[in-house]
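These notes are about the structure you will find just below.
Note that these values count all heavy atoms, side chains included, but never hydrogens, waters or copies made by symmetry.
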Amino acid sequence: SPQASDWAQAELALVLSAAAADALAGLGEDYDSSTLPSQLAQLCGALPQLPLTSAPAPWACLLEAAAAELLSALDTWITPSRCAPTSAEGRTLVAFAFRLAASQHASSSSVDALTVVISNLAQPLTSARDVADEAFRRLQELCLGGGGLPARLRERLVRGAVGPLLSQLP
């Protein structure tokens, strides 16, 4: 089983990757943001496989926060063309973002990550009936208090995720 140093290295890799993604996104016109660097793409693809639930305290909380920060930092690259919610990768990304927000360790970072994923993929999410139904069901659970999120985070989720979804409905 992983040692504390392994969990620390995983957290450090996530934090540094989020910082790199933020820095690249912040370059604006000086950087071709249409291409996600391969290392970040690989890490993003591996995020859902992180054994977050098996991490001991305090690592589960720290790793979830770092993973959520990385998802938020990848905002520029979470697009319908790259992460279509009907594709396997897109479904996995959406499910992972929901998993972070529904976790017992959920924080404002977790809600922000879900908001980024949902708002960036709102148009294709609402176009695919089965995916839309699942997203609305899970958002309803989180926003109406069944998920254990504090009221301020539920309000943030309504504004940041439910709003963009509803704006896409006919």
Side-chain angles (χ1 to χ4, degrees), residues 7 9-52 55 60-103 105-132 134-136 138-139 142 149 153 156-169:
W7 296 117
Q9 288 175 0
E11 182 200 11
L12 181 61
L14 293 172
V15 168
L16 292 176
S17 297
D22 275 336
L24 289 173
L27 291 175
E29 295 173 7
D30 296 333
Y31 178 74
D32 176 16
S33 65
S34 65
T35 305
L36 179 62
S38 63
Q39 297 89 343
L40 287 176
Q42 289 173 339
L43 185 56
C44 183
L47 276 177
Q49 283 75 45
L50 278 174
L52 298 174
C61 181
L62 295 170
L63 285 169
E64 284 185 19
E69 290 289 336
L70 177 56
L71 270 186
S72 293
L74 293 170
D75 182 1
T76 301
W77 297 282
I78 297 174
T79 62
S81 61
R82 187 172 282 117
C83 308
T86 54
S87 70
E89 297 84 8
R91 284 180 186 263
T92 301
L93 178 66
V94 171
F96 181 66
F98 271 111
R99 195 172 97 205
L100 289 174
S103 165
H105 306 292
S107 63
S108 59
S109 296
S110 307
V111 169
D112 289 346
L114 179 57
T115 297
V116 163
V117 171
I118 295 296
S119 63
N120 288 10
L121 304 178
Q123 192 282 322
L125 268 170
T126 56
S127 298
R129 178 66 185 214
D130 61 328
V131 179
E134 178 68 10
F136 276 116
R138 296 199 63 193
L139 283 168
L142 288 170
L149 286 176
L153 294 181
R156 194 174 186 158
L157 197 53
V158 168
R159 283 192 309 275
V162 176
L165 279 175
L166 291 176
S167 72
Q168 294 297 318
L169 294 175

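- Side chains of Phe98 and Ser110 form no contact here, defined as non-hydrogen atoms less than 4.5 Å apart.
- Atoms CD and CD, on Glu69 and Glu11 in that order, are 11.0 Å from each other to the nearest 0.5 Å.
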Checklist line | Full working for side-chain contact (heavy atoms from CB on, under 4.5 Å) between Leu139 and Leu114 | finding: CA-CA 10 Å; Leu139 283 168; Leu114 179 57; 4.2 Å; yes
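- A heavy-atom distance below 4.5 Å is not found between the side chains of Arg91 and Pro85.
- You'll find the side chain of Leu47 reaches within 4.5 Å of the side chain of Leu14, heavy atoms only.
- Contact detail for Ala18 and Ala73: the closest heavy-atom pair is O-CB, 3.5 Å.
- The minimum heavy-atom distance between Leu43 and Ala13, with the atom names listed, is CD2-O, 4.3 Å.
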Next item on the list: Would you please test Ser108 and Arg156 for side-chain contact (heavy atoms from CB on, under 4.5 Å) and show each step?
Entry: CA-CA 9 Å; Ser108 59; Arg156 194 174 186 158; 3.3 Å; yes
Next item on the list: Would you please test Phe136 and Val131 for side-chain contact (heavy atoms from CB on, under 4.5 Å) and show each step?
Entry: CA-CA 9 Å; Phe136 276 116; Val131 179; over 6 Å; no
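- Under the 4.5 Å side-chain criterion, counting only non-hydrogen atoms from C-beta, Leu12 is not in contact with Gln9.
- Residues Val116 and Asp112 are not in side-chain contact: their nearest non-hydrogen atoms beyond the backbone lie 4.5 Å or more apart.
- For the 3.5 Å distance criterion, the side chains of Ser127 and Gln123 qualify, holding a donor opposite an acceptor.
- Atoms CG and CG, on Asp22 and Leu27 in that order, are 11.0 Å from each other to the nearest 0.5 Å.
- Nearest heavy-atom pair, Leu121 versus Pro80, reported as atom, atom and distance to 0.1 Å: CD2-N, 3.6 Å.
- Of all the heavy atoms in Ala21 and Leu74, the pair that sits closest is CB-CD2, 4.0 Å.
- Each of Thr76, Thr79, Thr115, Asp75 was evaluated against Asn120; a single residue qualifies, Asp75, per the side chain to side chain donor-acceptor pair (under 3.5 Å) test.
- We find the CG-SG distance between Leu93 and Cys83 to be 5.0 Å, quoted to the nearest 0.5 Å.
- Scanning both residues, Leu153 and Ser107, for their nearest heavy atoms gives CD1-C, 3.9 Å.
- At a threshold of 4.5 Å between non-hydrogen side-chain atoms, the residues Leu71 and Phe96 count as touching.
- In this structure, the side chains of Leu157 and Val162 stay at 4.5 Å or more apart for every pair of heavy atoms.
- Residues Leu100 and Val111 have side chains not in contact (no heavy-atom distance under 4.5 Å, counting atoms from C-beta outward).
- In this structure, CD on Gln168 lies 10.5 Å from OG on Ser119, to the nearest 0.5 angstrom.
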Checklist line | Check against side-chain contact (heavy atoms from CB on, under 4.5 Å), Cys44 and Leu70 | finding: CA-CA 8 Å; Cys44 183; Leu70 177 56; 5.8 Å; no
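- Looking at every heavy atom in both residues, Thr126 comes nearest to Ala132 through CA-CB, 3.9 Å.
- Under a 3.5 Å cut-off, the side chain of Ser103 and the backbone N or O of Arg99 do not form any donor-acceptor pair.
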